[in-house]
Every structure is written in C-alpha cells, then in structure tokens.
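Worksheet: one structure, shown below.
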Amino acid sequence: MIKKTNLTDNLDTTHNLNRKVYIVILNHKGSLDTIECLESIIHLNYFNYQVLVVDNSETEAPFQTLLNWASLKKIKFDSTTERKLDLVLIQTQFVFIKAEKNKGFSAGNNIALHAILNTKDFDSYIWLLNNDTVVDQNSLKAQVLYSLQHQNSKIGILGSKLIYYYKQDTLQAVGGKFNKKFYISSHIGEGESIDKSKSEFEKIDYVIGASMFLTFQFLKEVGTLSEDFFLYYEELDWAFRARKSGWTLDWCFESLVFHKEGATIGSSYDPKQKSFFSEINVFTSRKVFVKKHYKLGFKFYFSSLLLILNRVRRGKFKLGLELLKITFCK
C-alpha cells in the first residue's frame with residue numbers, strides 16, 4: 001500500500017491550479033511497470049492532465065499490452081505512431097505513441113516533447129516520469145502549486161522527493177550532486193529518512209530524471225533533451241544548459257514519487273548491482289558530457305582510470321576492458 005501525504009487541505013486556491021500538465025512516460029519493454037504508474041496517475045487529485053506514453057520497444061507486444069490495459073479499463077485513449085503524432089488534433093486524456101525505433105531515453109521522450117512544443121500551450125507544464133514509478137495522489141498538485149508560488153525564482157526543472165518503492169520509509173534521493181573532480185554524479189539524500197526536512201539537505205546540482213517537472217517556457221527556451229546521450233547524463237546536461245540560460249533548479253518536498261530504480265535496465269546506484277549494459281552507457285555518456293561541457297584532458301583520463309580500476313578490483317575484468325576502450329579508443 002502506497003503511503004499518502006496530508007497535503008492539499010490547506011492549498012492556496014487563489015492560484016490557478018487548473019493549468020494543463022502533459023505527463024510524458026517512456027516505455028521500453030516494461031509495460032507492467034508502466035501500467036502500475038498509469039494506475040497511480042488515474043488517482044491523482046489534479047485533473048487537467050494529458051498522458052503521453054511513448055513506447056520504443058523493439059517489438060509490438062509491449063505496446064499492445066498497454067492498449068489492452070486501456071481498453072479493459074474503459075479509458076478514452078488514442079494510439080498513434082511517431083510520424084503521425086499531432087497533439088493539436090488529439091483531445092483524449094491518454095495517448096499511446098509507438099516510436100519507430102529505440103534511439104535512447106532522450107530521443108524517446110523528445111518525441112512527446114516536440115509534439116508538446118507544437119501545441120504552443122504556453123501556460124502548460126510538462127512532467128517527465130520514469131515508467132517504473134508510482135506517484136502519490138498529491139504529487140502533481142504539489143508541483144503545480146510550488147511552481148506557481150515560486151514564479152519569481154524562474155524554476156525551469158522541479159524535482160520530486162524520490163522514495164524507494166520497496167522501502168517506503170527511505171529516500172532514494174531529492175536531487176543529484178555533480179563531482180567536478182572526477183566528473184561523476186551522486187544522489188543527495190540517498191538512504192535518509194523520508195521525514196528529514198528540506199532545509200537539512202544541500203542544494204541540488206540537477207534534478208534526477210525519474211521525475212522532472214518543467215514549464216513550457218523553459219522547454220521552449222532551453223530546448224528538449226540532448227540526443228547526444230543514449231542513456232544517462234541527459235538530465236545533468238539539461239541542468240547545465242538551464243543555468244546557462246538563466247533558469248534555476250529545485251525540488252518539491254510535498255511531491256512524493258516512489259521509484260523502483262532501474263527496473264528495465266539494471267541501473268541501481270549500488271555499484272555491485274549495476275548491469276553491464278548500464279555501466280557501458282554510464283561511461284559512454286560521461287565522456288560525451290565532459291567533452292561537451294569541459295574538455296577531455298588529464299583530469300578526465302586520470303579519473304576514468306581510477307573508476308575503471310575500482311571495477312577491476314571487484315573482479316569485473318571484461319567490463320574494465322570495455323571501459324578502457326570507451327575512454328581511450330572511441
């Protein structure tokens with residue numbers, strides 16, 4: 001049973017709490033997780049939203065599973081393809097979109113983001129959610145209210161309080177920290193109690209991709225996710241671009257999102273549990289990020305060697321060899 005917050009009763013209704021929110025979810029062979037996420041969205045106490053589920057699975061089966069669920073739930077929905085997507089013409093609350101191919105996290109989400117930009121719905125918000133999340137009923141309303149109350153802060157990306165799905169008294173994170181010495185990221189608040197106050201946490205460097213709440217204006221000015229990244233570092237890249245354009249980042253204490261953490265790709269932040277696929281993509285994207293925002297100098301190569309040696313020390317010899325190739329040969 002998912003815990004509920006006691007928010008909402010004293011919400012300031014003088015604010016416009018009826019702005020449209022586009023909720024974007026990327027599904028890659030994880031239809032059952034996506035369905036659980038959608039079930040939680042249905043129970044939100046904020047009603048002006050449109051859900052855009054982009055499926056970039058290599059086969060049709062996961063997409064058909066989502067359509068079957070919507071039919072059984074008797075939900076009004078549209079299904080379309082990446083090429084035919086035009087939100088200006090779609091009024092249903094749930095839209096299922098089949099991508100032509102899997103080009104990664106950024107490209108998959110961008111299918112929906114480009115369509116949203118074409119609506120020119122300037123007062124709207126966009127909520128990017130991982131498909132392996134379950135949202136608290138107050139999570140969206142809390143984000144809209146927080147964004148409205150802090151308009152002068154020019155918040156471009158707002159995060160949620162991420163909580164472990166399987167350990168719901170423990171934080172996964174409230175945001176991310178970037179280590180400029182080793183060019184690596186880490187979670188702020190990981191393993192802490194969910195009852196810890198916001199003032200006790202350090203300032204975040206970026207919003208974690210499992211839950212990113214955006215303003216339309218931010219998306220229009222800064223642009224969509226960079227497709228230089230297949231997986232990982234795209235949210236950190238977005239944060240860097242945001243700050244360069246004068247936007248700020250923050251997270252909403254009352255927005256609770258329960259995260260299964262890497263259910264599809266094995267991307268646990270415990271280094272002992274990271275999959276081979278996850279490790280390869282982390283190193284590849286890290287190199288792209290450093291090349292884009294810093295430079296591939298001595299500090300990058302030295303820190304990379306230390307990271308690789310740490311994996312070899314744990315007996316991951318094959319992985320170490322592949323990481324060396326990525327660092328020095330590609």
Side-chain angles (χ1 to χ4, degrees), residues 26 28-29 56 58 101-110 130 132 157 172-173 175-188 190-191 202 204-210 212 222-244 249 259 261-330:
L26 182 64
H28 181 73
K29 299 188 293 187
N56 65 355
E58 288 79 5
K101 61 185 297 186
N102 178 17
K103 297 179 182 178
F105 181 84
S106 293
N109 279 288
N110 282 350
N130 271 20
D132 61 344
I157 312 176
Q172 181 202 357
K177 196 74 178 174
F178 182 63
N179 184 322
K180 296 178 182 178
K181 185 177 181 180
F182 292 99
Y183 302 124
I184 56 175
S185 60
S186 59
H187 282 174
I188 296 172
E190 185 173 9
E202 60 184 308
I204 66 173
D205 288 334
Y206 65 95
V207 172
I208 293 169
M212 297 188 286
V222 177
T224 58
L225 288 161
S226 172
E227 295 182 21
D228 293 336
F229 306 92
F230 182 85
L231 189 64
Y232 300 119
Y233 278 83
E234 61 282 305
E235 71 263 62
L236 189 57
D237 173 78
W238 226 359
F240 270 53
R241 288 158 54 201
R243 289 197 172 95
K244 287 179 181 178
L249 311 171
H259 190 205
E261 194 187 23
T264 303
I265 57 173
S267 59
S268 169
Y269 268 75
D270 182 346
K272 295 179 181 179
Q273 297 181 25
K274 273 183 179 280
S275 68
F276 189 89
F277 175 82
S278 176
E279 291 269 31
I280 292 297
N281 277 279
V282 165
F283 256 69
T284 301
S285 293
R286 174 177 174 270
K287 185 175 183 179
V288 171
F289 177 83
V290 173
K291 186 176 181 179
K292 185 174 182 179
H293 294 283
Y294 295 93
K295 65 178 181 178
L296 298 179
F298 172 80
K299 189 166 69 169
F300 167 76
Y301 292 109
F302 180 71
S303 61
S304 297
L305 279 175
L306 292 178
L307 294 170
I308 293 168
L309 286 171
N310 190 43
R311 285 153 175 79
V312 172
R313 182 178 57 83
R314 297 198 301 269
K316 297 184 176 183
F317 302 108
K318 182 180 178 182
L319 174 63
L321 180 60
E322 289 301 315
L323 298 184
L324 281 171
K325 291 178 182 177
I326 290 169
T327 302
F328 294 98
C329 303
K330 295 183 179 180

Would you mind reporting whether [Y] and [X] have side-chain heavy atoms less than 4.5 Å apart?
| X | Y | result |
| --- | --- | --- |
| F289 | Y294 | yes |
| E235 | V207 | no |
| K101 | N56 | no |
| I326 | I280 | yes |
| W238 | S226 | no |
| Y183 | K299 | yes |
| L306 | Y301 | no |
| T284 | F230 | no |

Would you compute the distance between atom [atom1] of [X] and atom [atom2] of [Y] and round it to the nearest 0.5 angstrom?
| X | Y | atom1 | atom2 | result |
| --- | --- | --- | --- | --- |
| S185 | R286 | OG | CZ | 10.0 Å |
| L321 | K316 | CG | NZ | 15.0 Å |
| L323 | F283 | CG | CZ | 4.5 Å |
| L324 | I308 | CG | CD1 | 4.0 Å |
| F328 | L296 | CZ | CG | 10.5 Å |
| S278 | L231 | OG | CG | 7.0 Å |

Please confirm whether K318 makes a cation-pi placement over F276, using NZ or CZ under 6.0 Å from the six-membered ring centre and within 45° of the ring normal.
->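 Output yes; distance and angle both within limits.
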Can you say whether the rings of Y233 and F178 are parallel (under 30°), tilted (30 to 60°) or perpendicular (over 60°)?
->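 Rings of Y233 and F178: perpendicular, as their planes differ by over 60°.
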Return the orientation label for the F302 and F298 ring planes: parallel under 30°, perpendicular over 60°, tilted otherwise.
->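 F302 and F298: parallel rings.
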Show the numbers, then the answer: is there a side-chain contact (heavy atoms from CB on, under 4.5 Å) between F300 and K295?
-> CA-CA 8 Å; F300 167 76; K295 65 178 181 178; over 6 Å; no
Minimum heavy-atom separation for [X] to [Y], with atom names?
| X | Y | answer |
| --- | --- | --- |
| N179 | K181 | OD1-N, 2.8 Å |
| G176 | I188 | O-CD1, 3.7 Å |
| A239 | Y206 | CB-CB, 3.6 Å |

With K177, which of D205, I204, I184 fulfils side-chain contact (heavy atoms from CB on, under 4.5 Å)?
->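 Looking at D205, I204, I184, the match for K177 under the side-chain contact (heavy atoms from CB on, under 4.5 Å) is D205.
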Within the distance-only criterion (no hydrogens, no angle test), does the side chain of [X] pair as donor or acceptor with the backbone N or O of [Y] below 3.5 angstrom?
| X | Y | result |
| --- | --- | --- |
| S285 | Y232 | yes |
| T327 | S304 | no |
| N102 | G104 | yes |
| R241 | V222 | yes |

E227 and K103 ion-paired at < 4.0 Å |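 Looking at E227 and K103, the cut-off is not met.
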Output, in order, the C-alpha distance, side-chain angles, deciding distance and verdict of side-chain contact (heavy atoms from CB on, under 4.5 Å) for E58 and K29.
-> CA-CA 8 Å; E58 288 79 5; K29 299 188 293 187; 4.0 Å; yes
Answer yes or no: are there more than 12 heavy-atom neighbours, outside K244 itself, under 6.0 Å from its atom NZ?
->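 Yes - once you tally the heavy atoms of other residues, nucleotides and ligands closer than 6.0 Å, there are more than 12.
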